[in-house]
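Structure, as structure tokens:
Letters A, B, ... mirror the listed sequences (proteins, then strands); counts begin at 1. Note that this is a predicted model, so its numbers are computed, not measured.
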There are 2 protein chains.
Amino acid sequence: MARLATIRDVAARAGVSIATVSRVLNGDVPANPVTAAKVRAAAAELEFRPNRLGRGLKIARTRVLGVLIPSLSNPVFADSVGGIQAAARRAGYSVLIAATGYDAEREDAEIESLLSHRVEGLVVTVADADRSAALAKLDRSGTPYELVYNLPEATCRPAVAVDNIAAARVVVSAMIALGHRRIGMIAGRFLASDRSRQRHAGFMAALNEAGLPPGPVIEVAFDDLRLGGGFGSALTGSGRPTALFCSNDLLALAVMGALHDLGLRIPDDVSVAGFDGIGFGSLLRPSLATVVQPARAMGEAAFERLLARLDGAPPAPPLTLPFTLRHGGSLGPAPSPQP
Amino acid sequence: MARLATIRDVAARAGVSIATVSRVLNGDVPANPVTAAKVRAAAAELEFRPNRLGRGLKIARTRVLGVLIPSLSNPVFADSVGGIQAAARRAGYSVLIAATGYDAEREDAEIESLLSHRVEGLVVTVADADRSAALAKLDRSGTPYELVYNLPEATCRPAVAVDNIAAARVVVSAMIALGHRRIGMIAGRFLASDRSRQRHAGFMAALNEAGLPPGPVIEVAFDDLRLGGGFGSALTGSGRPTALFCSNDLLALAVMGALHDLGLRIPDDVSVAGFDGIGFGSLLRPSLATVVQPARAMGEAAFERLLARLDGAPPAPPLTLPFTLRHGGSLGPAPSPQP
DNA sequence: CTGAAAGCGCTTACAG
DNA sequence: CTGAAAGCGCTTACAG
């Protein structure tokens, strides 16, 4: 670190004690106006920036927030982080951000690192909240946190999310209402993603309600959106699904490309819907039908809840925010006759 | 902050001094194996996480990097940050990230905050490097930094970027080669963006080279991608441009939507090209022709350069990385006859 | 209103 | 190999 001015430098230049410098600059207690002026002048001349390490160590507050997300390249996370940052800035907090690539080991390591930096609280999105060792450790640490997107089922943890099951059910019901009878799902690995499991549950619920059997359910890895191999055979030929529900928008975009390559037209041959509501989906042609999560607002809400906790409020129950169904050209009536 | 275990707690439990705890845990000097085992056991039982504030204050190194970007919602920035994070993680650095919304005041305030946190270095993208007060202040602070995307012309500052002028020239030359004679530009405000200015210079260079007069040049604000009003009149009617170069991809996507609303077909009536190479551009139909910047690699390179500086290397000259032209359906031959 | 002093949690010469 | 002590840059009772 470059050698920056310390409070001692300012005190010397102003001809006062460091205690006085601290008091003047923090502006809490009254000070002699001429002393204050001298201090301020010295601080300005030296471009004094109080060292937050010193302050943090003393007052045991860092005004730093930790953010843990799978990846910044998914706009749904970039947007929630944008909300967190905006709210944090308003409250005078800085934000330490770590990306995990959906890797449990990295989740753990980054939580350790964040805690070591003594973040006052964390906003966290993990791959699978119910079986996360990192989260269990976080619980033991006593540092307050809020989950975003994850809504654990087996444990009661503070979270801001949408009702994934209900939302998935709404999309799939919309498909059924459009005459689709063979509906498949492309999903992130259930073992690795609580959201993928929950959205699958909603998918099943809608089908059960309508008395329909599920179409093919294909699990894919997060980091492999190339969708090669067995993908094509399940989606072509007679008896193929006429609609595909994808567990997130990034997956849906990849699926649309793959279907195009298979020579299938969207939505004439096959309809597609996603989940998340990333902005780019509505720029596509056909535009992507999807569930819109209020990503930015979720980030803001998570930060506000955290702030309340830091101010002494008791943990709040999970906050479920409303989702909306965004209609799009990718979702149309079932082809007739059925393929 | 929750009350976490301190080195004193560990020392007490292991029955040794805090100096020994420090030595064992930092594993630098040899220690008695049985003492070491006791210390490690105590640390594990207490889930001891060394307080980085204490360590940082003492050794005057925080292992924290500051990142300043306009916004995380533009994938070109999210991607470069992804590269920074990956490289930082490998080197054991954490990352404090601040977004500025292209606002000079916020740039200044966030730089102050980052410096206060004693980041060891910064990776910075500002709206306009040549007239940034924040950057001037950064220079005075002595804290090393690397610019990304900005390539100042009036000042010599460490930077990782592509040659914006050359790249813009290549795109516009490609338009000319396709028979376009009336080529317009939609650009972020020149007064607010060095990149917009540089790309405009490349646009002009290509036209001059071909002996063509420029078509309409429309400046728009970063935060207003709605493109209302006078936008339509300049782009319709006889004598309208047959190709539009947009100063970045986000703008190009907005322009494509607006052209669609004006009833113009892309590329039959009008061609469009962007700048940045965000992944979503190639998912659009027609796909977006654009200049691809190696965003992630730029972020990684910036971090590596910073690390070299922190290890004592002298400042390196600006690094210009190669760009590529991505062909796309949005750029086609000029219509004949000319409108 | 101001200063001297203690102490936050670490690391690291300096002794032993 | 280990410990006592100093000190990094702050804030804040405690005196005066």
Rounded to whole Å, CZ of Arg63(A) lies from P of dC10(D) at a distance of 17 Å

Nearest heavy-atom contact between Val126(B) and Arg195(B) is O-NH2, 2.6 Å

query: For atom CD of Glu105(B), is the number of surrounding heavy atoms from other residues, nucleotides or ligands below 6.0 Å larger than 12?
result: no

Among dA6(C), dT12(C), dC8(D), the one nearest any side-chain atom of Lys58(A) is dA6(C)

- Task: Sticking with atom C1', work out how far dT12(C) lies from dG16(C), rounded to a whole angstrom.
- Result: 16 Å

With sequence neighbours left out, the residues meeting salt bridge (charged side-chain N to carboxylate O under 4.0 Å, His left out) with Arg89(B) are none

Any side-chain N or O of Thr6(A) less than 4.0 Å from the OP1 or OP2 oxygen of dG9(D)?
-> no

On DNA chain D, more 5' by nearest nucleotide between Ala19(A) and Gly15(B) is Gly15(B)

Comparing nearest nucleotides in DNA chain C, the 5'-proximal residue of the pair Arg8(B), Ser17(A) is Ser17(A)

The salt bridge (Lys or Arg N to Asp or Glu O under 4.0 Å) partner of Lys137(B) among Glu107(B), Glu112(B), Glu110(B) is Glu112(B)

Ranking dC1(C), dC10(D), dT11(C) by distance to the side chain of Thr35(A), first place goes to dC1(C)

Among the nucleotides dC10(D), dA13(C), dT11(C), whichever has the atom closest to the side chain of Arg23(B) is dA13(C)

- Message: For a quick test of reading the model: is some side-chain N or O of Arg55(B) closer than 4.0 Å to OP1 or OP2 of dT11(C)?
- Response: yes

Picking from dT11(D), dC10(C), dG3(C), the nucleotide nearest the side-chain atoms of Ser22(A) would be dT11(D)

